[in-house]
Undergrad: 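Sharing a structure here in C-alpha cells format.
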Amino acid sequence: MSNASNAELPKSVDPYRLAEQTSTLEGIIPISGLGRFREAVLGFSDGAACRVKLSFYMDSERRRIVSGELEAPVDLECQRCMGAMGATLVSRFTLGLVTSDEQAQQLPKELEPFLTDDFTADLWSMVEDELLLVLPPFPLHDRNDCPAREDLEAYEPDSSAAEPVRKSGENPFSVLADLKKKKH
Ligand SMILES: [Zn+2]
C-alpha cells in the first residue's frame with residue numbers, strides 16, 4: 001500500500017463485486033480530468049488532485065454500499081473582493097448502489113442512491129458529483145485576509161458584526177442532497 005494512494009483512482013469498476021468482496025480503493029483524480037468541476041472553480045494548481053478513499057461493503061440488510069472521503073485543493077473566487085482564495089473542499093458520503101429508480105426509492109433515507117448501469121460505475125463522475133455538492137455557493141476570505149476588508153470596515157465599523165464566512169466541514173447543500181434522493 002506504500003504508494004497506492006498516489007495512483008489514479010480507477011475510473012470504471014464493478015462496484016457490486018467490490019462491495020461483495022469488501023474492498024477499499026484509494027487514489028487520486030487529477031482535477032484537470034474533471035470537466036464539470038474544473039469549470040465550476042476559479043482555478044487550481046498545476047497537477048492538483050482530489051484525494052479519494054472509497055470503501056465498498058454490504059450492510060446488515062445486504063445492501064451494497066460505498067462510503068467515501070474526498071479532499072480537493074482549489075481556488076475559489078471570494079465574493080467580497082472577487083480575488084482568488086485557496087480552499088480545500090472536503091466531503092464524506094455514504095451511498096447505496098442501485099440500478100433503477102425503484103431500487104433508489106427503497107433505500108433508507110440516510111443513504112443517497114448511486115445509480116449505475118449494468119454493474120459498472122464511473123467513479124470519477126461520482127466523485128465529481130460529490131465535489132460539486134460541497135462547493136460553497138458564496139465563498140469569502142476570512143475577514144482579516146480579504147483585500148477588500150478596508151472597504152468593508154468603512155461600511156461596517158463594528159468589527160464584531162456577524163462573520164459570514166462558512167466554516168469548512170459544514171455542508172450547505174444538505175438540503176439539495178435530500179432533494180437529490182427524490183423521496184416522497
Ligand atoms: Zn476576499
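In what follows, every heavy atom counts, from backbone to side chain, and hydrogens, waters and symmetry copies are set aside. Every number for a ligand or one of its atoms is a count from 1 in the order of the listing. Treat the numbers as computed from the prediction; the structure is a model and nothing was measured.
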Undergrad: Looking at residues at least two apart in the chain, or sitting in another chain, which of them share a side-chain contact (heavy atoms from CB on, under 4.5 Å) with Thr94?
TA: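 Thr94: side-chain contact (heavy atoms from CB on, under 4.5 Å) contacts with Tyr57, Ile65, Ser67, Leu111.
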
Undergrad: What is the minimum heavy-atom distance between Pro136 and Leu76, and which atoms define it?
TA: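 Result for this residue pair: CG-CD1, 3.6 Å.
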
Undergrad: Does Phe93 have any ring pair (Phe, Tyr, Trp, His ring centres under 6.0 Å) partners at least two apart in sequence or in another chain, and if so, which?
TA: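 Ring pair (Phe, Tyr, Trp, His ring centres under 6.0 Å) check on Phe93 returns nothing, list empty.
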
Undergrad: Please report the shortest heavy-atom distance between Ala72 and Ile31, naming the atom on each side.
TA: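 Heavy-atom minimum between the residues: CB-CD1, 4.4 Å.
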
Undergrad: Do Phe114 and Phe119 share a hydrophobic cluster, counting only Ile, Leu, Val, Met, Phe, Trp and Tyr and linking them when any side-chain heavy atoms are less than 4.5 Å apart?
TA: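 Linked within one cluster.
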
Undergrad: Not counting sequence neighbours, which residues clear side-chain contact (heavy atoms from CB on, under 4.5 Å) with Arg17? List them please.
TA: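 Per chain and number, Arg17 pairs via side-chain contact (heavy atoms from CB on, under 4.5 Å) with Asp14, Gln21.
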
Undergrad: Protein N, O or S atoms less than 2.8 Å from the Zn ion (ligand 1), ignoring waters?
TA: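 Sorted hits: Cys78 SG, Cys81 SG, His141 ND1, Cys146 SG.
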
